[in-house]
Novice: 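Handing you a structure now.
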Amino acid sequence: MRAAATRATLALVVVMAAAALPGAPPAAAQGGTATNARAAIEAVRGQLRALAQDAGALRLELDRSPTARPTLSEDEATAIADGSERLAGWLDSRTIARTTARFDEDERRWTVSYISEGGTDDEKVEAVVLVGDRTAEIQELRTGPQVAWAMARGYPGAFGRAINREPIWLFLCALFLIPLLAPRRIVSWRTLDLLVLLSFSISLIWFNRGEIFTSVPLAYPPMLYLAARLGWIGLRRGKAGQDPEGRPPLAPAAPRPRFAGWAPTWVLATGLGVVLALRYGLNAFDSNVIDVGYAGVIGADRIAHGITPYGTFPSDCGSCDTYGPLSYLFYVPFEAVQPWLGEWDALPASHGAATAFDVLAVAGMFALGWSLAGPRLGAALGLAWAAFPFTGYALATNSNDSLVAAVLIWGLVAARHPVGRGLSVGLAVAAKFGPAILLPLWSRHPFPFPTRGTRGRLLAYGAGVGLAVGATGWVLLLDGDDGLVAFWSRTIGYQGGRDSPFSIWGQHPELRPLQLALMGIVALAALAMFRWPRRLDLLRMAALSGALIIGVQLTLTHWFYLYIPWFLPFALLAFVPEWTRPKEPAVPRESERPVPRESERAEPRAPALAP
C-alpha cells in the first residue's frame with residue numbers, strides 16, 4: 001500500500017512539474033495532441049534526470065564531507081568483524097596483541113585490523129576485515145599474505161579478466177590437446193606430457209579463489225615432472241652403439257622430427273586462425289594491464305626523454321624498475337604512438353607491445369616447425385603455442401613474459417649460427433635474468449657436436465652476446481655511473497632480498513638452506529653443459545634448455561604462472577613432434593667382409609726411386 005501511494009504521489013508531482021518546470025510546452029500550444037503530450041513528457045523527464053544527477057552529486061559530497069559521521073561505532077564495527085567464523089579459525093593459533101578499527105569516509109566502510117604481539121618494528125597484521133558502514137555486514141576478509149598482497153586475495157579477473165572464465169579456458173585446453181593427439185598412441189608418454197602442461201590449471205583454480213596456501217604447492221608437481229622428463233630426453237638421446245670390433249663409435253645421425261598427430265594441415269591452420277582471433281579479441285576488449293605492462297610503458301617514456309628507467313619510477317609503480325633494459329626498450333615505439341599520460345589508465349601502448357610479443361612467438365614457432373619438417377609441423381607448433389591457455393593468460397595481462405619466450409624461440413630457429421644463438425640468449429637475459437642459465441649450453445654448436453672449429457664458433461657466439469649487450473646496455477649509461485649503481489640495486493639487489501608468498505620458499509622461510517642447495521645444484525648442472533653431454537643435437541639442446549629454465553624457476557622465491565611461457569617453447573619442441581633417428585648402416589665384422597676378386601686386386605706398385 002505504501003509503495004502504491006508513493007508511486008501515485010510521484011505521478012502527481014510529474015504532472016504538476018510539467019506545467020511549472022522551465023522548458024515545458026505551454027498549455028495553449030499543446031492542443032491536446034498526442035505528439036505535444038509526448039514532447040511535454042520528454043521535457044519533464046529531462047528536467048527530472050538533471051535534478052536526480054544534482055541530488056546524487058550532492059549526496060556524494062555529503063557522504064565524503066569531513067562532517068559525515070559513520071553509522072556504526074568503532075566497537076560495533078569490531079564486534080561485527082569478530083563474528084566471522086573464518087577469522088576465528090585463522091586467529092585460533094595466533095596471539096593478537098591489539099585490534100584497531102579505522103573508518104574510511106570515501107568508501108564508507110570500516111577496516112578492522114588484528115595485529116600480533118611484538119615490538120613496534122616486529123608488529124604484524126594477521127588479518128583485516130572490511131565492514132560496510134551502512135549495511136553493517138562484512139564485505140571482505142583478508143588473512144595472512146592477503147593483507148599485504150592484493151594478488152593473493154582472489155579478486156575475479158584480476159589477472160586476464162575474461163580468459164579466466166571456464167568456457168573460454170576449457171575451449172583453449174581442448175584446442176591445445178585434441179589436434180596434437182596421436183590416435184594410435186593415446187596411451188603414451190607424449191600424451192601424459194601434454195596433460196601435465198595443462199595441469200597448471202588446477203593450481204590456478206585455487207589461486208583465483210585466493211587460497212594461495214593450496215595453489216602454490218600444486219604448481220610444483222608439474223614443474224618437477226617436466227624438469228625430470230626434459231632432462232631424461234636430453235640425456236638419453238644420441239648414444240652411439242659400440243662397434244663390434246671395439247673401434248670408437250661413430251657419431252649418430254641427428255634425430256628428425258615429424259608431426260604424429262591426427263590433424264591434417266588445414267585443420268591445424270584453421271584452429272590457429274580461430275584461436276588467434278579469440279586471443280587478440282579478448283586482449284582488445286576484455287583484458288587488463290598488470291604492473292609489469294605498466295612498468296614497460298613508464299620505462300619507455302623515461303628512455304624517450306633520455307632518462308634511465310632505474311630509480312626514476314613514480315610511487316604507484318615504485319618497484320617496477322626491476323627488469324632488464326630490453327623490457328623497456330621494446331615498448332618505446334608503442335609508447336611513441338600512444339604516449340603515457342602519467343597515470344595507470346588503459347595503457348594502449350602496453351596492449352600493442354604484448355600483442356607484438358605474442359605475434360613474434362607464434363611466427364617463431366611456425367618458422368621453427370617449418371624449417372624442421374614442413375608446414376604441417378609449423379602449423380602444429382604455432383597452434384600449440386597459441387592455444388595453450390597460459391600463453392593467452394600472459395597476453396591477457398599484457399605482461400612482458402612472452403618477450404622472453406619470443407627471443408628464445410628465434411634462437412632455436414637460428415641455432416645453427418653461433419652469432420644468432422648468442423644474440424638470442426643475450427637479448428633474453430636483457431629482458432629478464434633467468435635465461436642466463438642457458439649461456440653455457442647455448443655456447444655449443446648442435447647438429448652434432450663439432451670436433452673442428454670450436455674456438456671460432458665460441459668467438460662468434462661471444463660476439464652475438466656482446467651485440468645484445470651493446471644494443472641494450474646503453475640504457476644504463478643515460479645517467480652515467482649513477483645509472484649503473486641504480487641498475488644493480490633496483491634489479492639484482494632487489495630480487496636477492498625479495499619476499500613473496502608465491503613459492504614454498506616464501507611460505508616456509510625455514511626451508512632456506514634447501515633452497516640455496518638447489519640453487520647450487522642447478523648452477524653446477526648449467527656449468528657442466530659446457531662439455532656434457534658430449535654429442536648435442538637440436539632435440540637435446542631444447543630439452544636441456546627447458547630443464548634448466550624450470551630448474552631456475554623451482555628455486556625462485558617469487559614464482560607466478562606468467563613464467564610458464566619461458567620454458568614452454570622447449571617443452572613443445574620436445575613433446576609435440578615425434579623424433580626418430582635414421583638407421584645407421586651396419587658395420588660388418590672383419591671376417592664378414594667380402595674378399596675382393598683376383599681381377600679386382602690392385603697390382604703392387606714399384607717402389608719410387610730416391611731423388
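The residues of the chain are indexed from 1 along the displayed sequence. None of these values were measured; they are calculated from a predicted model. All heavy atoms count here, side chains included; hydrogens, waters and symmetry mates do not.
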Novice: Using a 3.5 Å distance criterion without hydrogens, assess whether the side chain of Ser350 forms a donor-acceptor pair with backbone atoms of Leu347.
Specialist: no
Novice: Between the main-chain N or O of Thr557 and the side-chain N or O of Ser503, is there a donor-acceptor pair closer than 3.5 Å?
Specialist: yes
Novice: Determine yes or no for a side-chain-to-main-chain donor-acceptor pair under 3.5 angstrom, with Gln515 supplying the side chain and Trp505 the backbone.
Specialist: no
Novice: Would you please name every residue forming a salt bridge (Lys or Arg N to Asp or Glu O under 4.0 Å) with Arg153, sequence neighbours left out?
Specialist: none
Novice: Is a donor on one side and an acceptor on the other found under 3.5 Å between the side chain of Arg421 and the backbone of Arg444?
Specialist: yes
Novice: State whether a side-chain donor-acceptor pair under 3.5 Å links Asn208 with Tyr155.
Specialist: no
Novice: Within a 6.0 Å radius of atom CH2 on Trp189, are there more than 12 heavy atoms belonging to other residues, nucleotides or ligands?
Specialist: no
Novice: Atom CZ of Phe357 and atom OG1 of Thr391: how far apart are they, to the nearest 0.5 Å?
Specialist: 14.5 Å
Novice: Is the count of non-hydrogen atoms from other residues, nucleotides or ligands lying under 6.0 Å from Trp370 atom CH2 greater than 12?
Specialist: no
Novice: Provide the full list of salt bridge (Lys or Arg N to Asp or Glu O under 4.0 Å) pairs with a residue in residues 392-413, sequence neighbours left out, each pair given once.
Specialist: Asp401-Lys432
Novice: Is it true that, when you exclude Ile202 itself, more than 12 heavy atoms of the residues, nucleotides or ligands shown sit nearer than 6.0 Å to its CD1?
Specialist: no
Novice: Filter on side-chain hydrogen bond (donor to acceptor under 3.5 Å, both in side chains), then keep only pairs touching residues 352-362, sequence neighbours left out; what's left?
Specialist: Arg279-Asp358, Tyr280-Asp358, Asn283-Thr355, Asp358-Trp385
Novice: State which residues pass salt bridge (Lys or Arg N to Asp or Glu O under 4.0 Å) with Arg209; sequence neighbours excluded, sorted by chain then number.
Specialist: none
Novice: Going by atom type alone, with no hydrogens or angles, which donor-acceptor pairs under 3.5 Å involve a side-chain atom of residues 467-474 and a protein atom two or more places apart or on another chain?
Specialist:
| from | atom 1 | to | atom 2 | distance (Å) |
| --- | --- | --- | --- | --- |
| Thr472 | OG1 | Ala468 | O | 2.9 |
| Trp474 | NE1 | Ala471 | O | 3.0 |

Novice: Hey, do the aromatic rings of Tyr561 and Trp559 have their centres closer than 6.0 Å?
Specialist: yes
Novice: What are the two closest non-hydrogen atoms of Gly299 and Pro309, and how far apart are they?
Specialist: CA-CB, 4.0 Å
Novice: Against Met365, only a single residue in Leu381, Leu377, Val576 fulfils side-chain contact (heavy atoms from CB on, under 4.5 Å); can you say which?
Specialist: Leu381
Novice: Between Phe200 and Met223, does a side chain to side chain contact (heavy atoms under 4.5 Å, CB included) hold up when you go through it step by step?
Specialist: CA-CA 9 Å; Phe200 287 100; Met223 283 198 289; 3.7 Å; yes
Novice: Which residues pass the disulfide bond (SG atoms under 2.5 Å apart) test with Cys173, not counting sequence neighbours?
Specialist: none
Novice: Name all residues meeting the salt bridge (Lys or Arg N to Asp or Glu O under 4.0 Å) criterion together with Arg190; count only those two or more places apart in sequence or in a different chain, and write none if there are none.
Specialist: none
Novice: Determine, step by step, whether Leu441 and Ser545 satisfy the side chain to side chain contact (heavy atoms under 4.5 Å, CB included) criterion, reporting the C-alpha distance in whole Å, the side-chain angles of both residues, the deciding distance to 0.1 Å, and the verdict.
Specialist: CA-CA 8 Å; Leu441 175 62; Ser545 297; 3.4 Å; yes
Novice: Which residues pass the ring pair (Phe, Tyr, Trp, His ring centres under 6.0 Å) test with Trp410, not counting sequence neighbours?
Specialist: none
Novice: Heavy atoms only: give me the nearest Tyr328-Tyr323 pair and the separation to one decimal.
Specialist: OH-N, 3.4 Å
Novice: Phe575: what forms a ring pair (Phe, Tyr, Trp, His ring centres under 6.0 Å) with it, not counting sequence neighbours?
Specialist: none
Novice: Go through the structure and list residues passing side-chain contact (heavy atoms from CB on, under 4.5 Å) with Ala574, not counting sequence neighbours.
Specialist: Leu230, Ile233, Leu539
Novice: Quick check against the 3.5 Å criterion: does Gln507 have a side-chain atom that pairs as donor or acceptor with the backbone of Pro501?
Specialist: yes
Novice: Should the ring pair Phe502 and Phe560 be called parallel, tilted or perpendicular, given that the plane angle runs from 0 to 90° and is split at 30 and 60?
Specialist: perpendicular
Novice: Any luck finding a side-chain donor-acceptor pair between Tyr294 and Asp316 under 3.5 Å?
Specialist: yes
Novice: Say whether, by atom type as modelled, one donor and one acceptor occur between the side chain of Asn288 and the main chain of Thr397 under 3.5 angstrom.
Specialist: no
Novice: Could you measure the distance from the CG atom of Leu403 to the CG atom of Leu360? Nearest 0.5 Å is fine.
Specialist: 8.0 Å
Novice: Just grab all the salt bridge (Lys or Arg N to Asp or Glu O under 4.0 Å) pairs involving residues 289-314, residues at least two apart or on different chains.
Specialist: none
Novice: Checking Trp169 now: which residues fulfil ring pair (Phe, Tyr, Trp, His ring centres under 6.0 Å) with it, not counting sequence neighbours?
Specialist: Phe390
Novice: What distance do Leu516 atom CG and Ile521 atom CD1 have between them, rounded to the nearest 0.5 Å?
Specialist: 11.5 Å
